[in-house]
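Only this structure's heavy atoms are used, side chains among them; waters, hydrogens and symmetry mates stay out.
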Amino acid sequence: MKFAAIADIHGNCPALEAVLADIAELGVSEIVNLGDHVSGPLEAVRTADLLMERGFPSVQGDQDRILVELWRGGQSARSDFRQLERRHFDWMAGMPPTLVYRENVFLCHASPKDDAAFWLDHVAADGSVRASSVAMIEAGAAGIAAELILCGHTHIPRVVRLRDGRMIVNPGSVGLPGYDGRTPVPYVVEVGAPQACYAILERTRAGWSATMRYVPYDGTAMAALARDKGMPSWASAIASGWVQR
């Protein structure tokens, strides 16, 4: 069993296209998508249309949920919201928050019980982003019997093996390798590499293996678009992998 996992595209269609081309070149035919598909100042419609055409098994991210809630509320000034049409909102609304794939792989966006939680990593009181303890991670995985659990949200690629042998993988972000946040305290996530990131998962006789793939692409237009839309931190992250301070 071998498949690819993508997450956190955030409307960066050139990055998504580069990743899909890389997956195809590897001869991998199955892809799962862990959410936050179109949110942000980039190309929401183009990205959504491509994902809808491909029809990957997908879960709803926290930003997808928020966009659907805004749509149901009737209005928003957000750039991504204004780009999208009803068919796009219907598509996101139809996604489950979690999904079991191929009987033994559990998909979620952030954590099994919270679509906006930091899980494999956490924001410390001083604003630094640190790896979570195995006890913290295991608490979030309670009740999940799958051998392999996939999550996204933080945009930080990571592989964690629990003490009972289960493996949790965050495949990183296809479209946004850095960003800043304000809660619970101001913090910055920056991967330090501008390439589009995803993971290849393979079940072997010895167990699950995970390979992170960093795919180069031309992000110039997306960085410029983010800058023009008043998102300099996104522009910097897309161009360099680091967040402008």
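The two residues Y217 and A18 have their closest heavy-atom pair at CB-CB, 3.7 Å. Listed here is the closest heavy atom pair of T98 and P112: CG2-O, 3.6 Å. For I9 against T47, the heavy-atom pair with the smallest separation is CG2-CG2, 3.8 Å. The two residues A110 and A116 have their closest heavy-atom pair at CB-N, 3.8 Å. Between L201 and A210, the shortest heavy-atom distance links the atoms CD1-CB, 3.6 Å. Across every non-hydrogen atom of R72 and A93, the tightest pair is NH2-CB, 3.8 Å.
Residues in residues 37-50 take part in these salt bridge (charged side-chain N to carboxylate O under 4.0 Å, His left out) pairs, two or more places apart or across chains: E17-R46, E43-R46, D49-R87. Contacts classified as salt bridge (charged side-chain N to carboxylate O under 4.0 Å, His left out) and involving residues 218-244 (residues at least two apart or in different chains) are not found. Within the structure, ring pair (Phe, Tyr, Trp, His ring centres under 6.0 Å) contacts touching residues 27-54 (residues at least two apart or in different chains) are H37-W91. Residues in residues 161-179 take part in these salt bridge (charged side-chain N to carboxylate O under 4.0 Å, His left out) pairs, two or more places apart or across chains: E138-R163, D164-R166. Residue pairs meeting the side-chain hydrogen bond (donor to acceptor under 3.5 Å, both in side chains) criterion with at least one member in residues 167-186, sequence neighbours excluded, are T154-N170.
A heavy-atom distance below 4.5 Å is found between the side chains of L50 and L20. You'll find the side chain of V160 stays beyond 4.5 Å of the side chain of M167, heavy atoms only. For the pair N33/P57, no side-chain contact is recorded, criterion being any heavy-atom separation below 4.5 Å from C-beta on. A 4.5 Å side-chain heavy-atom check between I137 and L120 finds at least one atom pair inside the cut-off. Counting heavy atoms from C-beta on, the side chains of P194 and S240 never come closer than 4.5 Å. The side-chain heavy atoms of S132 and H122, taken from C-beta on, include a pair separated by under 4.5 Å. The shortest distance between side-chain heavy atoms of V38 and M92 falls below 4.5 Å. Looking at heavy atoms from C-beta onward, L99 lies out of side-chain contact with F106 at the 4.5 angstrom threshold.
Of the possible donor and acceptor atoms, none in the side chain of E190 sits under 3.5 Å from a partner among the backbone N and O of G178. In this structure a side-chain-to-backbone donor-acceptor pair under 3.5 Å is present from D64 to G61. No side-chain donor-acceptor contact under 3.5 Å links S128 to the backbone of A124.
Applying the side-chain hydrogen bond (donor to acceptor under 3.5 Å, both in side chains) test to D90 and every residue at least two apart in sequence or in another chain returns nothing. Not a single side-chain hydrogen bond (donor to acceptor under 3.5 Å, both in side chains) links K2 to another residue, sequence neighbours left out. Take H88 and apply the ring pair (Phe, Tyr, Trp, His ring centres under 6.0 Å) test, not counting sequence neighbours, and it matches no residue. Looking at residues two or more places apart in sequence or on another chain, you find a side-chain hydrogen bond (donor to acceptor under 3.5 Å, both in side chains) between D62 and H109, H153. With sequence neighbours excluded, no residue forms a salt bridge (Lys or Arg N to Asp or Glu O under 4.0 Å) with R54. When the side-chain hydrogen bond (donor to acceptor under 3.5 Å, both in side chains) test is applied to S39, the partners found at least two apart in sequence or on another chain are H10. Partners of M1 according to the side chain to side chain contact (heavy atoms under 4.5 Å, CB included) rule, which considers only residues two or more places apart in sequence or in another chain, are F3, Y101, R102, V105, R203, W208.
Remark: N12 CG to L42 CG distance equals 5.5 Å, nearest 0.5 Å. Within the model, atoms OG of S79 and CG of L84 stand 9.0 Å from one another, a figure rounded to the nearest 0.5 Å. The distance from the CD atom of E202 to the OG atom of S209 is 5.0 Å, given to the nearest 0.5 Å. Interatomic distance, L67 CG to F81 CZ, rounded to the nearest 0.5 Å: 8.0 Å. In this structure, the separation between SG on C151 and CG on D114 is 12.0 Å, given to the nearest 0.5 Å. One distance of note links CG of D8 with CG of L176; it measures 8.0 Å at 0.5 Å rounding.
Side-chain contact, S76 with R78: no donor N or O sits under 3.5 Å from an acceptor N or O.
When each of R130, R158, H155 is paired with D121, the side chain to side chain donor-acceptor pair (under 3.5 Å) condition holds for R158 and for no other.
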Go through the steps for Q63 and D36 under the test side-chain hydrogen bond (donor to acceptor under 3.5 Å, both in side chains), then give the verdict.
CA-CA 6 Å; Q63 292 301 312; D36 277 7; 5.4 Å; no
Please walk me through it: do I31 and I6 pass side chain to side chain contact (heavy atoms under 4.5 Å, CB included)?
CA-CA 7 Å; I31 302 173; I6 62 175; 4.1 Å; yes
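Hydrophobic clustering (ILVMFWY, side-chain heavy atoms < 4.5 Å, transitive): I200 and L150 are in distinct clusters. Criterion: ILVMFWY side-chain heavy atoms under 4.5 Å apart, direct or through other members. Under it, L34 and M52 are not part of a common hydrophobic cluster. In the hydrophobic clustering of this structure, I23 does not group with V32; members are Ile, Leu, Val, Met, Phe, Trp, Tyr whose side-chain heavy atoms approach within less than 4.5 Å, directly or through other members. W242 and V189 are assigned to two separate hydrophobic clusters, defined by single-linkage of ILVMFWY side chains at heavy-atom distances under 4.5 Å. W234 is connected to I156 through a chain of hydrophobic side-chain contacts under 4.5 Å among Ile, Leu, Val, Met, Phe, Trp and Tyr, so both are in one cluster.
D115 and R65 are joined by a salt bridge, as a carboxylate oxygen and a charged side-chain nitrogen come within less than 4.0 angstrom of each other.
Proximity of the aromatic rings of Y214 and Y198 is defined here by a centroid distance below 6.0 angstrom, and this criterion is not met.
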